[in-house]
Amino acid sequence: MNKLTIALPKGRLFKSVVPILQEAGIVNRDFDDDSRKLVLTDEDNNIDIILSKAVDVQTYVENGAADIGVAGKDVLLEAGAKVCEVLDLGLGYCRLVVALPVDKGITNLSQLAPTGRVATKYVNVAQRYFDQNGIQIEVVKLNGSIELAPIIGLSDMIVDITSTGTTLKENNLIEIAEIAESSARLIVNQVSYKTEYKRIRDIIEKIRAVISN
Amino acid sequence: MIKLQRPEGTRDYLPEVAEKKRYIEDKLHNLFKGWGYEEIITPTFEFYDILSAGTEGLQTKMYKFFDRKGQILALRPEMTASIARVAATKLKDNPLPLRLSYQSNVFRYTSPRAGQYREFYQAGIELLGVGSPMGDAEVIAMAAKAIKGSGLKNFKIDIGDVDYFTGIMKAAKLEEEEQIAIRKALSQRNVVELEELLTGTELTNKQKDAILSAQELRGGIEIIEKAKGLVDNQESLESLINLEEVYRNLELLGVSDYICIDLSVVRNFNYYTGIVFEGYTKDLGYTICGGGRYDRLVSKFGYSIPATGFAIGIDRLLLSLEKQNYNFPLNRDRILVLIDPAYKAEGFAMAEELREKGKQVEIEIFGRELVEVIEYTASKGLELKVVGEELQAKVKTLVDGEE
């Protein structure tokens with residue numbers, strides 16, 4: 001039996017994904033994402049777990065460096081990765097939205113000016129969305145605290161993820177359009193899906209059984 | 001100072017790699033020739049309209065530019081469109097079928113990553129004028145033989161048929177937009193999205209199941225029987241019978257060990273019209289070759305004939321062979337001939353004689369010390385042959401002295 005490599009995102013998702021893998025009997029031992037070791041081995045099940053930044057998981061999987069991975073749909077949309085998306089884990093639910101300061105008095109997309117400046121981490125998603133809606137935008141790439149951009153006049157609006165909407169509210173921003181819904185997805189390398197078909201199908205079904213409970 | 005870098009996504013094939021590339025290309029060339037496929041060479045750049053009519057959704061990935069008359073040109077992103085153009089024009093009066101092969105560089109503006117460059121090499125064939133399952137079988141068998149002949153182990157070719165899905169969607173009279181979305185999800189193997197899309201359609205539960213179950217239908221000939229039980233429309237059933245016949249022919253052609261039936265293989269839907277296939281090995285995270293039937297393409301150029309073919313990515317094949325530590329059987333008989341100026345005629349004649357025997361012969365013309373000549377042969381792995389008795393003696397003393 002060949003060794004399977006599973007890439008997991010460090011941080012928020014990690015703590016909810018590991019128990020699912022354990023309950024599904026895919027891994028036996030405990031894993032800790034605080035560990036400095038980036039490759040953790042489960043000898044019994046012949047599985048390596050690699051820990052990567054959430055935005056990098058699809059890169060490992062697309063290249064075949066990992067066979068299976070867990071990645072947010074928001075990340076997958078942004079990266080446009082060529083991977084098989086086989087299961088919605090239903091974890092880490094959030095929505096990708098367009099938001100802008102409440103005091104502009106705009107409540108939907110059609111009220112927007114034909115051009116504008118958008119601050120976001122999701123450069124490709126934002127560009128594609130506004131292109132489709134015929135609005136010409138200039139994208140400002142930021143890596144965090146996106147909500148800050150319109151407040152200090154760096155941009156007219158933002159594209160970002162929101163789950164409860166609290167952060168938007170606290171910064172006096174209002175959502176005017178939803179681009180996509182996002183949650184954690186189980187992804188598989190296109191070739192691994194074929195070469196390790198039986199084993200990977202088995203893993204998918206076991207995980208599906210656990211999350212539907 | 002001139003900028004010395006290469007543009008992103010391009011690569012230099014240094015002699016060691018270029019030699020391996022040539023070895024593979026020669027192997028493939030001989031295979032294609034052996035099956036009656038004649039090589040064709042088309043321009044590196046063509047009118048954008050021609051190339052975009054044929055491509056698998058590669059329009060946005062083409063390198064485009066203008067000529068001085070303002071016409072839009074593009075570097076070819078693949079070869080099929082160019083070959084279809086030639087078939088529909090210059091070869092229109094030739095007897096069918098047309099069997100054509102190529103080895104070419106192609107260009108795509110994609111983000112470079114392992115095994116994916118912006119200029120890369122493809123070898124492939126196109127069989128034009130044959131619509132029967134035997135045509136598909138011949139092309140698939142050649143794909144298998146091509147990969148096997150290159151020395152690669154542990155590879156498989158998955159075959160599917162896009163008409164299986166087309167039949168279901170047509171039977172359910174789905175809106176064009178719904179069909180496009182479902183096809184896209186199938187092509188991207190996005191099961192999550194596929195399930196969502198299917199929930200929102202008018203498809204019966206049986207039809208939904210036929211589409212979703214196909215994602216898990218993978219294996220040998222028994223798969224086809226299972227699939228037949230899932231569908232009741234004529235087009236899907238015919239596609240399965242077609243697939244079965246292709247598989248039977250592949251058995252008779254002796255390549256079925258490399259073949260796996262996988263109904264989830266659809267490649268690009270808007271382009272392919274029947275049997276599709278892709279080859280891969282577990283040693284590479286990407287497919288190595290791909291192809292299928294594209295019966296609508298040539299008619300876009302005014303000549304209505306069926307067609308099928310495949311392309312192998314030479315760079316990916318090379319990468320896979322290297323990952324498998326393949327020992328390329330390369331000619332390593334390399335000789336340096338050192339000639340005493342008094343015996344030039346004899347020396348040149350000897351070099352020529354050795355070349356005729358298939359050796360790779362360099363003549364020492366660098367004018368350096370004997371010690372340096374010996375060092376040079378050692379570092380390049382050359383056998384040293386000396387012409388002229390006096391010189392021979394000198395070299396012998398030097399070599400013996402070192403020992």
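In what follows, every chain begins at residue 1, and chains take the letters A, B, ... in the order their sequences are listed. As the structure is a prediction and not an experimental result, all values here were calculated from the model.
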Distance col, row E85(A):CD vs R189(B):CZ, nearest 0.5 angstrom, shows 13.5 Å
Side-chain donor-acceptor distances from residues 191-198 of chain A under 3.5 Å, at least two apart:
{"residue": "S192(A)", "atom": "OG", "partner": "D67(A)", "partner atom": "OD1", "Å": "2.7"}
{"residue": "S192(A)", "atom": "OG", "partner": "N189(A)", "partner atom": "OD1", "Å": "3.4"}
{"residue": "Y193(A)", "atom": "OH", "partner": "R201(A)", "partner atom": "NH1", "Å": "2.7"}
{"residue": "K194(A)", "atom": "NZ", "partner": "D158(B)", "partner atom": "OD2", "Å": "2.7"}
{"residue": "K194(A)", "atom": "NZ", "partner": "E278(B)", "partner atom": "OE2", "Å": "2.8"}
{"residue": "T195(A)", "atom": "OG1", "partner": "V191(A)", "partner atom": "O", "Å": "3.2"}
{"residue": "E196(A)", "atom": "OE2", "partner": "N2(A)", "partner atom": "ND2", "Å": "3.0"}
{"residue": "Y197(A)", "atom": "OH", "partner": "E216(B)", "partner atom": "O", "Å": "2.9"}

More than 12 foreign heavy atoms under 6.0 Å from CD of E177(B): is that the case here? no
Among residues 135-143 of chain A, those lying within the under-4.5 Å heavy-atom range of chain B are none
In terms of heavy-atom contacts, V86(A) and V192(B) come closest through C-CG2, 3.9 Å
Who wins among Q188(B), Q215(B), R218(B), E195(B) for the most heavy-atom pairs under 4.5 Å with chain A? R218(B)
So CG of D88(A) and CD of E196(B): to nearest 0.5 Å the spacing works out to 7.0 Å
K226(B) atom NZ, neighbour heavy-atom count above 12 within 6.0 Å: no
Heavy-atom cut-off 4.5 Å, strictly under: side chain, backbone, both or neither for T281(B) against chain A? backbone
What part of L284(B) lies closer than 4.5 angstrom to a heavy atom of chain A: side chain, backbone, both or neither? backbone
What part of V83(A) gets within 4.5 angstrom of chain B, counting heavy atoms only: side chain, backbone, both, or neither? backbone
Atom pair CZ (R185(A)) and CD (E193(B)), whose distance is rounded to the nearest 0.5 Å: 8.5 Å
Under a 4.5 Å heavy-atom cut-off, does chain A meet the side chain of D262(B), its backbone, both or neither? side chain
With a 4.5 angstrom heavy-atom cut-off, is it the side chain or the backbone of K156(B) that approaches chain A, or both, or neither? neither
Tell me if the NZ atom of K53(A) is crowded by more than 12 foreign heavy atoms within 6.0 Å. no
